[in-house]
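Side chains included, hydrogens not; waters and symmetry mates left out as well; all remaining heavy atoms used.
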Amino acid sequence: MGNSKGRTSLGLMVLVVVVVAVGNWEVKMAGATLSAAQCKEERRIGLNECKPVLYGKLPSPSCCERLRVTHVECVCPLVTPKLAALIDLNRAIRLIEGCGRRVPRHFKCGSITTP
C-alpha cells in the first residue's frame with residue numbers, strides 16, 4: 001500500500017473502523033471476552049454494512065445498528081498513530097451523531113482521543 005490510492009482506501013477503511021469504535025463506547029460486555037475470530041467477523045460485518053460511508057454517503061440504518069452493537073475492544077486496538085493520521089475525526093464524530101449517538105469528550109480509542 002505504498003501508493004496514494006492504497007493510503008486513501010486504508011484511510012477510508014479506518015474512518016469506518018473509528019466510526020464503529022467510537023460509536024459504541026456504551027456497549028458493555030456480558031462477562032465474556034470475544035475471540036479473535038469473533039472480533040474479525042464483527043469488523044467484517046461492520047465494514048460491509050458501512051461501506052457506502054467510504055464513498056461519502058451517510059450511514060444507512062443497518063450501518064447505524066452496527067455502530068450500536070460492535071464491541072469497542074474489537075476495533076480500537078487497530079487504530080495506530082499511522083492509521084489515525086489518515087482520518088477526519090470531525091467527520092467521524094458527525095457520522096456517529098447522525099446515528100443518534102452522543103460522542104463523549106476525551107474518549108480514547110487506540111491512537112485517537114475525541115475532543
Side-chain angles (χ1 to χ4, degrees):
M1 284 200 204
N3 63 36
S4 63
K5 183 178 177 186
R7 285 192 303 271
T8 301
S9 296
L10 182 59
L12 293 173
M13 183 180 80
V14 171
L15 175 61
V16 171
V17 169
V18 171
V19 168
V20 171
V22 176
N24 86 90
W25 59 90
E26 294 176 3
V27 174
K28 303 288 187 247
M29 290 288 293
T33 302
L34 295 178
S35 71
Q38 289 169 313
C39 279
K40 184 177 180 180
E41 181 66 3
E42 279 198 2
R43 291 189 303 265
R44 185 193 66 76
I45 293 169
L47 188 57
N48 285 340
E49 291 297 328
C50 296
K51 192 174 270 185
V53 173
L54 300 176
Y55 304 104
K57 305 276 187 197
L58 293 175
S60 66
S62 60
C63 176
C64 286
E65 176 63 19
R66 293 312 309 171
L67 293 177
R68 293 186 285 274
V69 301
T70 299
H71 295 86
V72 70
E73 60 272 15
C74 288
V75 290
C76 284
L78 300 177
V79 185
T80 64
K82 187 174 183 177
L83 294 179
L86 298 174
I87 68 150
D88 179 349
L89 183 57
N90 290 324
R91 179 173 185 245
I93 291 170
R94 285 193 308 273
L95 292 171
I96 294 162
E97 290 176 344
C99 285
R101 300 297 302 265
R102 187 185 65 77
V103 177
R105 294 177 53 85
H106 310 295
F107 177 77
K108 183 149 179 60
C109 179
S111 294
I112 291 178
T113 303
T114 61

Quick one: OG on Ser35 to CD on Glu41, what's the gap to the nearest 0.5 Å? 10.0 Å
Among residues at least two apart in sequence or on other chains, which ones pass salt bridge (Lys or Arg N to Asp or Glu O under 4.0 Å) with Glu97? none
With heavy-atom distances below 4.5 Å as the criterion, would you say the side chains of Leu95 and Val53 are in contact? yes
CG on Leu58 to SG on Cys99, rounded to 0.5 Å: 9.0 Å
For the residue pair Phe107 and Val72, what are the closest heavy atoms and their distance? CZ-CG2, 4.0 Å
State the CZ-OG1 distance between Arg105 and Thr114, to the nearest 0.5 angstrom. 8.0 Å
Could you walk me through whether Glu65 and Ser62 pass the side chain to side chain donor-acceptor pair (under 3.5 Å) test, one step at a time? CA-CA 5 Å; Glu65 176 63 19; Ser62 60; over 6 Å; no
Note: Arg91 and Gly56 closest approach over all heavy atoms is NH2-CA, 3.5 Å
Over all atoms of both residues, closest heavy-atom pair of Ser111 and Lys108: CA-NZ, 4.1 Å
Between the OG1 atom in Thr113 and the NE2 atom in His106, the distance rounded to the nearest 0.5 Å is 9.5 Å
Taking every heavy atom of Leu34 against every heavy atom of Gln38, the minimum-distance pair comes out as CA-OE1, 3.3 Å
What heavy-atom pair brings Leu78 and Leu83 nearest, and what distance separates the two atoms? O-CD1, 3.0 Å
Can you name the closest pair of heavy atoms from Ser60 and Glu49 and give their distance? OG-O, 3.9 Å
Do Glu42 side-chain atoms and His71 backbone N/O form a donor-acceptor pair below 3.5 Å? yes
Check whether any side-chain heavy atom of Leu89 lies under 4.5 Å from a side-chain heavy atom of Ile93, and answer yes or no. yes
Measuring from Thr33:OG1 to Glu73:CD, what's the distance to the nearest 0.5 Å? 7.5 Å
